[in-house]
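Just below is one structure, and these are the notes that go with it.
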Amino acid sequence: MTMVETRDGTHLFAKAWGQGRPVVLIHGWPLSSDSWDPVANRLADAGFQAISYDRRGFGRSSQPSGGYHYDTFADDLADVMAHFGASRDVALVGFSMGGGEVARYMSRHQGKGVSQVALISSVVPYMPKTSDNPEGVPLEVFDEIEKGLLGDRAHFLAGFFKQFFGVGLLEKPVSQEVLDNAVHVAMRAGLRPTLQAARAFATTDFRGDLPSIHVPTLIVHGTADKTVPIAATAHEVARRLPRAVLVEYDGEPHGVFATQHRRLSNDLIAFLEGSGIVLNEGPTRQELIDDATANMVVAPSL
């Protein structure tokens, strides 16, 4: 077991599997680095060093009172990279709120050492529904998350993970045991970190960070993601980043690291090796630009 001490004295649980080019895997809310294990194992077998860590307040990391905002999260990422000597030709892979760490690291730390980026079911660039982000999530949804966490956290999380993994009356892409384990892992996080991290991903605007992502970028997102809608996130990033490739997983929910871990592993390895991404690429960047332009509201002339 490795504990990384960050610049503010917080201790983060981390692990590194395999030897070779470093690939840093950043988990989503409210889970831990273990959610990446099937993918990390494949990366290690493919000749990469798969580095993953528990975000402060989650998993086996310490639970300080503060620091649950993206500037600190990005600094924590930098400290993990430094601990493992990941200083050049690094790939950053962020799932869900972990995409925010990637974006903020690229702007706050000038993308030091990073040569590729992957955003998986990511919250980037901006989650709330506003006049300039009409495809986003209504603010009331985030209020309900906080209310549920403060009321009966275990009960709320049990329902949350059904949507997260796309479980319904007829559709069961993951087992009951996967759902139960997700609740168990989430309950190991502190309530205060869980609440404050949720506020961070619900309110942080990463649109200003996107120009700093100047390296080849893979975007993977499920078209049926009800937790982080694809139109406000993946489509918007693909439209704004000239060096991005968007791969849509048709009919898949948010938690593709579990529902499609084999395909996700294959797509990541293909991207990292530069051998190309196959199967079901999403709309092209130009198509997204054309679509956004067609839907613009033009003010009438006076």
Side-chain angles (χ1 to χ4, degrees), residues 6-8 22-29 51 53 55-56 66-82 86-87 89-137 139 142 196-221 225 227-247 254 271 282 285 288-289 292:
T6 69
R7 62 195 67 191
D8 70 353
V23 181
V24 184
L25 303 162
I26 309 160
H27 70 84
W29 180 95
I51 300 167
Y53 64 99
R55 183 180 288 105
R56 62 170 57 214
Y68 300 101
H69 50 80
Y70 274 98
D71 284 353
T72 300
F73 292 151
D75 291 347
D76 288 348
L77 170 57
D79 292 340
V80 170
M81 291 168 62
S87 59
D89 201 16
V90 180
L92 299 182
V93 182
F95 171 78
S96 194
M97 81 167 290
E101 269 103 326
V102 173
R104 186 55 51 88
Y105 176 87
M106 296 300 290
S107 62
R108 184 172 173 85
H109 294 273
Q110 296 78 52
K112 182 180 178 183
V114 175
S115 59
Q116 286 178 299
V117 157
L119 301 172
I120 315 299
S121 304
S122 168
V123 301
V124 175
Y126 193 43
M127 281 283 284
K129 182 175 183 178
T130 58
S131 59
D132 63 347
N133 193 41
E135 301 292 344
V137 177
L139 292 173
F142 301 116
Q196 293 198 10
R199 290 175 196 149
F201 75 70
T203 60
T204 304
D205 189 342
F206 298 102
R207 288 175 290 190
D209 299 284
L210 286 181
S212 298
I213 304 179
H214 48 73
V215 297
T217 301
L218 171 66
I219 307 165
V220 173
H221 215 108
D225 189 338
T227 306
V228 178
I230 189 172
T233 53
H235 286 177
E236 186 66 16
V237 175
R239 187 177 69 82
R240 290 170 179 255
L241 293 186
R243 303 187 70 182
V245 173
L246 169 63
V247 180
H254 189 58
F271 172 67
R285 178 171 179 266
L288 291 169
I289 292 173

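These numbers were taken from a predicted model, which means no experiment stands behind them.
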How many angstroms lie between atom CG of Leu210 and atom CG of Leu119, to the nearest 0.5 angstrom? 8.5 Å

Within this structure, what is the CZ-CZ distance for the pair Phe206 and Phe201, rounded to the nearest 0.5 Å? 10.5 Å

Tyr68 backbone acceptor or donor facing Thr72 side chain under 3.5 Å: no

So, for Ser96 and Gly28, which heavy atoms are closest and what is the spacing to 0.1 Å? CB-CA, 4.2 Å

Validation row: Lys129, Leu139 side chains within 4.5 angstrom (heavy atoms): no

Would you say Val237 and Ser122 make side-chain contact, with heavy atoms under 4.5 Å? no

For a 4.5 angstrom cut-off between non-hydrogen side-chain atoms, does His254 reach Phe95? yes

Check whether any side-chain heavy atom of Ile213 lies under 4.5 Å from a side-chain heavy atom of Arg243, and answer yes or no. no

Any side-chain heavy-atom pair from Asp8 and Asp75 closer than 4.5 angstrom? no

Verify, without hydrogens or angle tests, whether Thr217 (side chain) and Val215 (backbone) share a donor-acceptor contact under 3.5 angstrom. yes

With no hydrogens and no angle check, is any side-chain donor or acceptor of Asp205 less than 3.5 Å from a backbone partner on Tyr126? no

Looking at side-chain heavy atoms only, is the closest gap between Val247 and Leu218 below 4.5 Å? yes

Just how far is it from atom CD1 of Ile120 to atom NE2 of His27, taken to the nearest 0.5 Å? 15.5 Å

CE/Met106 to NE2/His214 distance, rounded to the nearest 0.5 angstrom? 4.5 Å

Evaluate the criterion side chain to side chain contact (heavy atoms under 4.5 Å, CB included) for residue pair Ile26 and Tyr53; output intermediate values, then yes/no. CA-CA 7 Å; Ile26 309 160; Tyr53 64 99; 4.0 Å; yes

Hey, mind stepping through Glu236 and Asn133 against side chain to side chain contact (heavy atoms under 4.5 Å, CB included) and telling me if it holds? CA-CA 10 Å; Glu236 186 66 16; Asn133 193 41; 5.7 Å; no

Heavy atoms only: give me the nearest Ala232-Pro125 pair and the separation to one decimal. O-CD, 3.6 Å

Starting at CE of Met81, measure out to OG of Ser87 and round the result to the nearest 0.5 Å. 8.0 Å

For residues Val114 and His109, determine if any side-chain heavy atom of one lies less than 4.5 Å from a side-chain heavy atom of the other. no

Closest heavy-atom pair, Ala238 versus Ala244, reported as atoms and distance to 0.1 Å, is CA-CB, 4.4 Å

Is there side-chain contact between Asp225 and Ile230, with at least one heavy-atom pair below 4.5 Å? no

One pair to check against side chain to side chain contact (heavy atoms under 4.5 Å, CB included): Val102 and Val124. What are the steps and the verdict? CA-CA 9 Å; Val102 173; Val124 175; over 6 Å; no

With rounding to the nearest 0.5 Å, note down the distance linking CE in Met97 to CZ in Arg55. 4.0 Å

Side-chain ion pair, Arg108 and Asp71, N-O less than 4.0 Å: yes

Taking all heavy atoms of Ala202 and all of Met127, pick out the closest pair and write down the distance. O-CB, 4.4 Å

Taking Gln116 for the side chain and Phe271 for the main chain, is one N or O donor matched with an acceptor at less than 3.5 Å? yes

For Gly100 and Val123, work out which heavy atoms get closest and say how close. N-CG2, 4.5 Å

In terms of the angle between their ring planes, are Phe73 and Tyr70 parallel, tilted or perpendicular, with boundaries placed at 30° and 60°? perpendicular

Might you point out which heavy atoms bring Tyr105 and Ala78 nearest each other, and give the distance in Å? CE1-CB, 3.8 Å

Quick check against the 3.5 Å criterion: does Asp79 have a side-chain atom that pairs as donor or acceptor with the backbone of Arg7? yes

Any donor-acceptor pair under 3.5 Å linking the side chain of His221 with the backbone of Val228? yes

